[in-house]
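Residue numbers run from 1 in the order of the sequence given.
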Amino acid sequence: MSSDCSTLPPTFLPGWHKEEDVKKMTYMQLGETDMMVSPVGIGGCVVGGVYPDKGDLEEIMKCVEVAMRSGVNYVDTAPFYGEGKSEEVLGQALRRVPRHTYYIGTKVCRYMADWKNAFDFSEERILAELDKSLQRLQLSYVDLIQIHDFEFCQDPERIAKETLPVLEKIVKSGKARYIGITGYPLEEFHKVLDATDVKVDAVLSYARNIFVDMSLKAHIPYFESKSLGVINASPTGMGLLTNNGPQPWHPASKEIKAICAAAGAYCASRGVELGKLSVYHNIYNQKQPVATTLLGVGRMEILKLNMDIVTEGLTDTEEQVLHEVIEKFFSDMDNNAAGWDNVEVEEYNKAVGKD
C-alpha cells in the first residue's frame with residue numbers, strides 16, 4: 001500500500017476543483033487499488049432518507065457538487081438506502097460532476113426495508129439488481145461493488161464460494177472495477193476472507209471506531225495482512241453520538257443509549273455538538289489501511305461542519321470538551337461495550353421465521 005499522498009490526487013481536474021481546498025486534504029490508497037481516496041467520503045444513507053437530517057433535492061445536489069469541488073472524491077451508496085432513492089438522487093447530482101473526478105461504490109444483496117424481502121444472495125438477483133443500480137446512477141460502471149451486510153446470509157462459506165465469484169464476474173464484465181464486502185460483526189469478515197479464492201479489495205466497517213466501540217483497531221493487522229483497504233462508516237454510531245440522539249430503531253442497548261444521551265446533554269450545555277467530536281475522533285484516528293470515513297451530507301450546514309473538521313480541526317473549546325467527555329463518560333468502557341452484533345440478525349430471523 002502506498003504512503004499518504006497530500007498532493008493533488010488523480011481525480012483532480014484543473015479549473016473545476018477548488019485547488020486550495022483539495023491541497024488541504026490527505027489522500028490515501030484504498031488497499032491495492034488505484035483509488036486514492038479523500039479522508040472523508042459521501043455516505044448515501046442520508047440521501048436515501050434513512051436519516052431525517054436532509055434538505056430538498058436541490059440542496060442535496062448542491063451539497064454533493066460543493067463537496068466534490070472541495071476535494072471529496074469517494075461516494076458510497078446502495079439500493080437498500082431508500083429502496084433505490086439514494087442511487088436515484090445521486091445519479092441526478094452526479095450529472096453535474098465530471099465522471100473521472102470521483103470514485104463510487106454501490107452494493108448488492110440487501111434491497112428492501114421489510115425484513116421478509118430484504119435480502120437475496122442469488123446470482124440472478126445480483127446481476128439484475130446491479131443493472132437497475134447503474135440505471136438509477138446513470139453510469140455504465142461503478143468503481144467498487146460490495147456485498148451488503150453479508151452476515152445476514154449466516155453462511156460465510158456461501159458468501160466465500162458462491163456470492164463473491166458473482167462479483168468477480170461483474171468485474172470481468174466491466175460493470176465494476178473492484179470488489180468489497182460490508183458488515184457489522186468484525187469476526188465474520190475473517191470467516192469469509194479466509195475461505196474465498198476471490199480477490200477482495202476492500203471492506204466497509206461501520207460504528208466500530210467510536211467512543212463506545214473501538215473494536216475496529218484490533219482487526220486492522222488482519223485486514224492489512226490481506227492487503228485490504230478499509231472504509232470506515234457511521235462515525236457517530238448511526239446517530240448514537242449526537243446531541244439529538246439516535247433514531248428509535250437504533251439497536252444499541254438502553255444502557256449505552258443513556259450514557260450517550262448524557263454525553264450529548266453535557267456537550268449541549270457547553271455549546272458543542274457531540275457528533276462533531278465523534279467525527280473528529282474518527283478522522284484523526286484514521287491510519288492505513290483505513291482510507292476514508294463516510295459522512296452524510298444532506299444539508300449545506302452539515303457539509304460545512306464536516307468540511308471544517310477535515311480542514312480546520314476543532315476549536316480550543318471543542319478540544320477541551322472532547323477530553324472532558326471522554327473522561328466523564330467513556331474512559332472506563334470496554335472496546336466492544338456498545339456492540340449489537342446479533343441484535344439485528346436475531347430480529348431478522350424472527351421476522352422470516354428462521355430458527
> Where is the tightest heavy-atom contact between L30 and A291, given as atom of each residue plus distance?
CD1-CB, 3.9 Å
> Any side-chain to backbone donor/acceptor pair from T311 onto M307? Under 3.5 Å, distance only.
yes
> Assess the residue pair E319 and H323 against the criterion (side-chain contact (heavy atoms from CB on, under 4.5 Å)); give the C-alpha distance rounded to whole Å, side-chain angles, the decisive distance to 0.1 Å, and a yes or no.
CA-CA 7 Å; E319 285 269 16; H323 294 303; 4.0 Å; yes
> How about S215 and D213: does a side-chain donor come under 3.5 Å of a side-chain acceptor?
yes
> In terms of heavy-atom contacts, does CG of D114 have more than 12 from other residues, nucleotides or ligands at under 6.0 Å?
yes
> Ring centroid separation for H148 and Y81, is it under 6.0 angstrom?
yes
> Between E65 and K62, does a salt bridge (Lys or Arg N to Asp or Glu O under 4.0 Å) hold up when you go through it step by step?
CA-CA 5 Å; E65 183 178 1; K62 185 179 179 183; over 6 Å; no
> Compare every heavy atom of I210 with every heavy atom of S278, then report the nearest pair and how far apart it is.
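Shortest heavy-atom separation between S278 and I210 comes out as OG-CG2, 4.4 Å.
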> How far does OG of S205 sit from CD1 of I231, to the nearest 0.5 angstrom?
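One gets 10.5 Å once the value is rounded to the nearest 0.5 Å.
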> For T242 and N244: C-alpha separation, side-chain torsions, deciding distance, then whether side chain to side chain donor-acceptor pair (under 3.5 Å) applies.
CA-CA 5 Å; T242 61; N244 289 334; 5.9 Å; no
> For I179, is there any backbone N or O sitting under 3.5 Å from a side-chain donor or acceptor partner on D201?
yes
> Is E312 close to K24 at the side-chain level, that is, under 4.5 Å between some pair of heavy atoms?
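Yes, close enough: below the 4.5 Å cut-off.
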> What is the distance from atom CE of M28 to atom CE of M35, rounded to the nearest 0.5 Å?
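Rounded to the nearest 0.5 Å, the CE-CE separation comes out at 14.5 Å.
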> Counting C-beta onward and ignoring hydrogens, is there a side-chain heavy-atom pair between L294 and V40 closer than 4.5 Å?
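Result no, sub-4.5 Å side-chain heavy-atom pair not found.
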> So, for L322 and L314, which heavy atoms are closest and what is the spacing to 0.1 Å?
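Taking L322 first and L314 second, the nearest heavy atoms are CD2-CD1, 3.9 Å.
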> Would you say CD of E20 has more than 12 non-hydrogen atoms from neighbouring residues, nucleotides or ligands within 6.0 angstrom?
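Count over threshold, so yes.
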> Y178 pairs by side chain to side chain contact (heavy atoms under 4.5 Å, CB included) with which of V200, I145, D34?
D34
> Working to the nearest 0.5 angstrom, can you tell me the gap between I259 CD1 and K254 NZ?
14.5 Å
> Assess R110 against F119: is NZ or CZ under 6.0 Å from the centre of the six-membered ring, and within 45 degrees of the ring's axis?
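Verdict for F119: no cation-pi partner in R110.
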> Hey, could you give me the CG/CD distance between L134 and E129, rounded to the nearest 0.5 Å?
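Those atoms lie 11.5 Å apart.
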> List the atom of C260, the atom of L274, and the distance in Å for their closest heavy-atom pair.
O-CD2, 3.9 Å
> Does either side chain, that of N282 or that of T293, offer a donor lying less than 3.5 Å from an acceptor on the other one?
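There is no such pair between these side chains.
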> Would you say that P185 contacts E187 through its side chain, given a criterion of any heavy-atom pair below 4.5 Å between the two side chains?
no
> Given E87, which of K132, R136, Q138, K107 fulfils the side chain to side chain donor-acceptor pair (under 3.5 Å) condition?
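Only match with E87 under side chain to side chain donor-acceptor pair (under 3.5 Å): R136.
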> Return the CE to CE distance between M25 and M36, rounded to the nearest 0.5 Å.
14.0 Å
> Provide the closest heavy-atom pair for Y102 versus T11 in the form atom of the first, atom of the second, distance.
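For Y102 versus T11, the nearest heavy atoms are N-CG2, 4.0 Å.
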> Inspect the surroundings of CD in E301 and state if more than 12 heavy atoms from other residues, nucleotides or ligands are less than 6.0 Å away.
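No, not enclosed.
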> Is it the case that atom NZ in K354 sees more than 12 heavy atoms from other parts of the structure closer than 6.0 Å?
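Yes, NZ of K354 has more than 12 neighbouring heavy atoms, counting only those of other groups under 6.0 Å.
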> Is the F211 ring parallel, tilted or perpendicular to the H281 ring (thresholds 30°, 60°)?
tilted
> Might you work through the side-chain contact (heavy atoms from CB on, under 4.5 Å) test for I170 and L127, ending with a clear yes or no?
CA-CA 8 Å; I170 289 170; L127 297 177; 3.8 Å; yes
> Can you check side-chain contact (heavy atoms from CB on, under 4.5 Å) on F330 and V325, steps first, answer last?
CA-CA 7 Å; F330 306 125; V325 164; 3.4 Å; yes
> Honestly, is R99 close enough over Y141, meaning NZ or CZ under 6.0 Å from the six-membered ring centre and within 45° of the axis?
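Here R99 passes the 6.0 Å and 45° test against Y141.
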> For the ring pair F150 and F189, is the centre-to-centre distance below 6.0 Å?
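Between F150 and F189, the centre distance is under 6.0 Å.
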> Hydrogens and angles aside, do S227 and E32 bring a side-chain donor and acceptor to less than 3.5 Å of each other?
yes
> State, yes or no, whether a side-chain contact exists between I126 and C109 at a heavy-atom distance under 4.5 Å.
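Yes. Closest side-chain heavy atoms under 4.5 Å.
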> Given the side-chain rings of Y348 and F152, with only the six-membered ring counted for Trp, is the space between their centroids under 6.0 Å?
yes
> Quick test of your reading of the model: are K169 and E123 salt-bridged, counting only N-O distances below 4.0 Å?
yes
> Does a side-chain heavy-atom distance below 4.5 Å link I326 with L277?
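I326 does not reach L277 side chain to side chain.
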> Would you check if the side chain of H250 reaches a backbone N or O of G237 as a donor-acceptor pair within less than 3.5 Å?
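Indeed, once roles are kept as given, a pair shorter than 3.5 Å links the two residues.
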> Any sub-3.5 Å donor-acceptor pair from K85's side-chain atoms to F80's backbone N or O?
no
> Just checking, any donor-acceptor pair under 3.5 angstrom between side chains of T77 and T106?
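Side chains of T77 and T106: no pair found under 3.5 Å.
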> Is it the case that the side chain of T196 and the backbone of A160 share a donor-acceptor pair, with hydrogens and angles ignored and the cut-off at 3.5 Å?
yes
> Given P251, which of V343, D341, I256, L240 fulfils the side chain to side chain contact (heavy atoms under 4.5 Å, CB included) condition?
V343
> Can you check whether I104's main-chain N or O pairs, donor with acceptor, with D143's side chain at less than 3.5 Å?
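Side chain of D143 to backbone of I104: a pair is present.
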> Does NZ belonging to K199 count more than 12 external heavy atoms closer than 6.0 Å?
yes
> Look at the side chain of N73 and the backbone N and O of S38, then say whether any donor-acceptor pair between them is shorter than 3.5 Å.
yes
> Would you please test V108 and L167 for side-chain contact (heavy atoms from CB on, under 4.5 Å) and show each step?
CA-CA 9 Å; V108 291; L167 270 59; 4.0 Å; yes
> Pairing donors with acceptors under 3.5 angstrom, does anything connect the side chains of Y280 and E318?
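No, because no side-chain N or O of Y280 sits under 3.5 Å from a partner of the opposite role on E318.
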> Indicate the atoms forming the closest heavy-atom contact of T182 with Q146, along with that distance.
CG2-OE1, 3.5 Å
> Could you walk me through whether E19 and K23 pass the salt bridge (Lys or Arg N to Asp or Glu O under 4.0 Å) check?
CA-CA 6 Å; E19 186 170 342; K23 285 183 174 178; 3.1 Å; yes
> Please walk me through it: do E162 and R158 pass salt bridge (Lys or Arg N to Asp or Glu O under 4.0 Å)?
CA-CA 5 Å; E162 296 180 23; R158 181 183 175 190; 3.6 Å; yes
> So does R96 pair up with E58, basic N to acidic O under 4.0 Å?
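Yes.
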> If you draw the axis of the six-membered ring of Y184, does the NZ or CZ of R208 fall within 45° of it and under 6.0 Å from the ring centre?
yes
> When rounded to the nearest 0.5 angstrom, what is the spacing between CG in N117 and CD in E83?
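CD of E83 is found 9.0 Å from CG of N117.
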> Check whether R299 reaches the backbone of E59 with its side chain - one donor and one acceptor, N or O, closer than 3.5 Å.
no
> Do any N or O atoms from the side chain of T236 and from the backbone of G239 form a donor-acceptor pair under 3.5 angstrom?
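Such a contact is found between T236 side chain and G239 backbone.
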